[in-house]
Amino acid sequence: MPELPEVETIRLGLLGRVCNKRIERVEIRCHRIILRPQPREMAAALGGQMIRDIQRRGKFLLFQLDDYRLLVHLGMSGQLTYWDQTQRDDQRFFTTVTGLQQARQHAVDKHTHVSLYFDDGNAMHYRDIRQFGKWRLYRTEAFDEAREFLQLGLEPLDKGYTLSRFMESFRGRKLRIKSLLLNQNFVAGVGNIYADEALFEAGIHPERFVHSLSIEEKQRLFRAIPKVLRRGLKHGGTSFQNYFNADGEAGTNQETLRVYGREGGKCHRCRTPIVRIVVSQRGTHFCQRCQPAKRK
DNA sequence: AGTAATCCCTGGCAGC
DNA sequence: TGCTGCCAGGGATTAC
């Protein structure tokens, strides 16, 4: 479940690997994940293009090519890894060890849906077990058509993330705060893990309706969001199931999580057992004492 | 328009 | 042991 810190970690890893490399050949094996344009057309368009830069917006990766912009969303289980022709493929990729897959460089398998082969003999593999990922290719001059991208909300680690804009984003909302945090049009890049972590950090119950939040609570949330995201980034992302960086390595942020995935475990702050409920069809973890249901 | 529910998909796991 | 059924979850789509 790659969220902002995971996507950013992948971006940083890929920057030094695939930038300024020319795509010689593209293999698209699963057609489901490619929405636009059709696979044959996408493969043909990518051939001969050089990757000039890689940017990120929310959970989207944005590859700047000579004539195109390639938008990649990793969905639930997407992996983008670099393949070095001088290194040996690691078969341990497919084994489970203490609940966590071990991975390095891997050969093409049944879940490797796209491969970009560069003219220097190396490659970049896209692997996506659950196939929720999306690739979209736009001609640079037609990028305005990427509405799902342009409607994204505040970028929480950028300078434009200000308290006034954050407060503005609450206007007219009448839903639970956890639901709002998962909405990419509010703050981009926050997913289920970091939403729970941010709410714990801010001391806010996930089922609170946003119009009931005090100014102080919103201010705490405003600060908590980038705090937990930066912590995730610092630890190379959270590896629970299928997330690996561009070199196929797991992150370690799962060891620093305060509430997510810790049902029954003791709250680091008050020792109360962490509770798991369902909000917006998503597993939601919180401390009943540190995140009270009603405002004091 | 804003919100809630449904669906997509596979691997892992509990239960028998 | 092997089968069945359920669950996880981002976001597009549909329904209201």
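Here is the naming used below: chain letters follow the sequence lines, and residue numbers restart at 1 for every chain.
Taking every side-chain heavy atom of A:Gln131 into account, B:dC9 is the closest of C:dG9, C:dG11, B:dC9. Side chain of A:His73, nearest nucleotide from C:dG11, C:dA8, B:dG11: C:dG11.
Distance, A:Arg36 CZ to C:dA12 C1': 16 Å, rounded to whole Å. Protein atom CD of A:Glu207 is 12 Å distant from nucleotide atom P of B:dA4, rounded to whole Å. Atoms CZ (A:Arg127) and C1' (B:dC9) sit 14 Å apart, rounded to a whole Å. When rounded to the nearest whole Å, the span between CG of A:Asn192 and P of C:dG11 equals 11 Å. Here B:dC8 presents its C1' atom at 16 Å from CD1 of A:Ile129, a figure rounded to the nearest Å. Following rounding to the nearest Å, A:Lys134 (NZ) and C:dG10 (P) show an atom-to-atom distance of 12 Å. For the pair A:Lys59 NZ and C:dG10 P, the computed distance is 5 Å after rounding to whole Å. Whole-Å rounding puts the A:Met76 CE to C:dG11 C1' distance at 11 Å.
For DNA chain C, the residues of residues 174-186 of chain A within the heavy-atom distance limit of 4.0 Å (strictly under) are A:Gln184, sorted by number. Contacts between residues 274-288 of chain A and DNA chain C, defined by a heavy-atom separation under 4.0 Å, are made by A:Arg276, A:Arg282, A:Gly283.
Aromatic pair A:Tyr161/A:Phe222: ring centres closer than 6.0 Å. A:Tyr68 has its ring centre no less than 6.0 Å from the ring centre of A:Phe143.
The residues A:Arg22 and A:Glu24 are annotated as not salt-bridged, no charged nitrogen and carboxylate oxygen being separated by less than 4.0 angstrom.
Residue A:Tyr260 places at least one side-chain N or O under 4.0 Å from the OP1 or OP2 atom of C:dG9.
Under the stacking criterion of a centre-to-centre distance below 5.5 angstrom and an interplanar angle below 30°, A:Phe132 is not stacked against the six-membered ring of C:dG9.
Identified under the side chain to side chain donor-acceptor pair (under 3.5 Å) test for residues 39-51 of chain A, with sequence neighbours left out: A:Gln49-A:Asp67.
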Take A:Asp196 and A:Arg282 through the test salt bridge (Lys or Arg N to Asp or Glu O under 4.0 Å) and record every step on the way to the result. CA-CA 10 Å; A:Asp196 282 3; A:Arg282 298 287 177 260; over 6 Å; no

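For A:Arg269 and A:Phe200, the positive end sits near the middle of the six-membered ring, less than 6.0 Å away and at most 45° from its axis.
Side-chain atoms of A:Gln87 and A:Tyr82 form no donor-acceptor pair, as typed in the model, at a separation below 3.5 Å.
Take the nearest nucleotide of DNA chain B for A:His111 and for A:Phe209: the residue whose nucleotide is more 5' is A:Phe209. Where A:Lys110 and A:Arg173 meet DNA chain B, the nucleotide closest to each residue was compared, and A:Arg173 sits on the side nearer the 5' end.
Residues A:Ile277 and A:Ile193 do not share a hydrophobic cluster, defined by chaining ILVMFWY side chains whose heavy atoms lie under 4.5 Å apart.
Put simply, the side chain of A:Gln38 never gets that close to the backbone of A:Arg36: no donor and acceptor are under 3.5 Å apart.
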